[in-house]
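These notes concern the structure reproduced below.
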Amino acid sequence: GRGPEGSSTWYYYDHPTPGTANTSQGKAHLLTIPVTMSPPGGIHPGVFTVTLAGAGENDSIYYTTDGSVPDGSDALYTGPIYIAGSQVIRARVMADSALPGPVASHTYITGIDHDVPVICLSTDPDNLWDFETGIFAYGPHAQADFPFFNANFWMDWERPVHVEFFDNEGVRQID
């Protein structure tokens, strides 16, 4: 989009406003390099560390371990992340002059021995449990008696989710 409105200078915006003025701060660049994680997500035998890479010289990597999409208020990657139990890591490259890069998501499964495929879903906890917006919460309009009509879980809502599929050998097939 153009910024300021009507100028010949073009910027990247994270929220499109077709036909109206751009209301957010535009960025001169768009980060496109995804974060790489080593080792990759999957089934692992015990305690280990995960390293993140992909940031340029003036970029930073931010990450979360609760399923939410990372932003500049989340943990700044400064060294290997200690994994002692099953968890998801979501990370992205960020810089002051650019829109954030794509979100990389890897689920690490530990301490589980199985021979069946595994599906992992990751999303912001608020998408599930928030009183106003969580699809597993009763919410502000739920009727008091079963089956709790008008509760959040009766709403025709969609929430963003990241899906990973691991085959019965523990190899990630879908990311």
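- Scanning both residues, Thr107 and Phe166, for their nearest heavy atoms gives O-CZ, 3.8 Å.
- The distance from the CD atom of Gln87 to the OG atom of Ser122 is 10.5 Å, given to the nearest 0.5 Å.
- For the pair Pro100 and Asp71, the minimum side-chain heavy-atom distance is 4.5 Å or more.
- Note on Ile83: it clusters hydrophobically with Leu52, by side-chain heavy-atom contacts below 4.5 Å among ILVMFWY residues.
- Contact between Pro140 and Glu132 at its shortest, heavy atoms only, is CG-OE1, 3.7 Å.
- Checked by atom type and distance alone, the side chain of His29 never pairs as donor or acceptor with a backbone atom of Ala98 at under 3.5 Å.
- Side-chain contact check for Leu76 versus Tyr62: some heavy-atom pair is nearer than 4.5 Å.
- Note: Trp154 and Phe149 meet the aromatic proximity criterion, with ring centroids under 6.0 Å apart.
- Annotation: side chain of Met155 is not in contact with side chain of His141 (no heavy-atom distance under 4.5 Å).
- Annotation for Tyr12: atom OH does not count as buried by contact number, only 12 or fewer foreign heavy atoms lying within 6.0 Å.
- Heavy atoms from other residues, nucleotides or ligands lying under 6.0 Å from CD of Glu158 number 12 at most.
- Atom NZ of Lys27 is separated from atom OH of Tyr13 by 11.0 Å, given to the nearest 0.5 angstrom.
- Looking only at distances, no side-chain donor or acceptor of Thr49 sits under 3.5 Å from a matching main-chain atom of Ile81.
- Using a 4.5 Å heavy-atom threshold, the side chains of Val69 and Arg92 count as touching.
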Apply side-chain contact (heavy atoms from CB on, under 4.5 Å) to Val118 and Ile109, showing your working. CA-CA 10 Å; Val118 175; Ile109 303 164; 3.9 Å; yes

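- Nearest heavy atom pair, residue Phe153 against residue Ile135, reads CB-O, 3.2 Å.
- Among all heavy-atom pairs drawn from Thr51 and Pro80, the shortest one is CG2-CG, 3.9 Å.
- Taking each heavy atom of Asp14 and Ser24 in turn, the nearest pair found is OD1-OG, 4.0 Å.
- Within 6.0 Å of CG on Leu121 lie more than 12 heavy atoms contributed by other residues, nucleotides or ligands.
- The main-chain N or O of Thr133 is found under 3.5 Å from a side-chain atom of Arg159 such that the two form a donor-acceptor pair.
- At a threshold of 4.5 Å between non-hydrogen side-chain atoms, the residues Asn152 and Phe131 do not count as touching.
- Linking ILVMFWY side-chain heavy atoms closer than 4.5 Å, directly or via other members, places Val116 and Phe165 in two distinct hydrophobic clusters.
- Taken from OG1 in Thr78 to CD1 in Ile61, the straight-line distance is 11.0 Å, to the nearest 0.5 Å.
- With hydrophobic clusters built from ILVMFWY side chains whose heavy atoms lie under 4.5 angstrom apart, Val35 does not share a cluster with Met94.
- At a threshold of 4.5 Å between non-hydrogen side-chain atoms, the residues Ser97 and Asn58 do not count as touching.
- Side-chain contact between Asn168 and Pro117: present, with at least one pair of heavy atoms (C-beta onward) separated by less than 4.5 Å.
- Here the closest heavy-atom approach between residue Val163 and residue Ile119 is recorded as CG1-CG2, 4.3 Å.
- Considering CG of Leu99 and CG of Leu30, their distance stands at 5.5 Å, rounded to 0.5 Å.
- The environment of Ile112 atom CD1 is dense: over 12 non-hydrogen atoms of other residues, nucleotides or ligands sit within 6.0 angstrom.
- In this structure a side-chain-to-backbone donor-acceptor pair under 3.5 Å is missing from Asp126 to Asp130.
- The residue from Thr65, Asp66, Thr64, Asp124 that alone fulfils the side-chain contact (heavy atoms from CB on, under 4.5 Å) condition with Arg90 is Thr64.
- Classification of the Trp129-Phe136 ring pair by plane angle, with boundaries at 30° and 60°, yields tilted.
- Ile43 and Val88 are members of different hydrophobic clusters when ILVMFWY side chains are connected at heavy-atom separations under 4.5 Å.
- For Asp96, the CG atom sits in a loose shell: 12 or fewer heavy atoms of surrounding residues, nucleotides or ligands are nearer than 6.0 Å.
- Qualifying ring pair (Phe, Tyr, Trp, His ring centres under 6.0 Å) partners for His44, counting only residues two or more places apart in sequence or in other chains: Phe48, Tyr108.
- Between Ile89 and Val50, the closest side-chain pair of non-hydrogen atoms falls below 4.5 Å.
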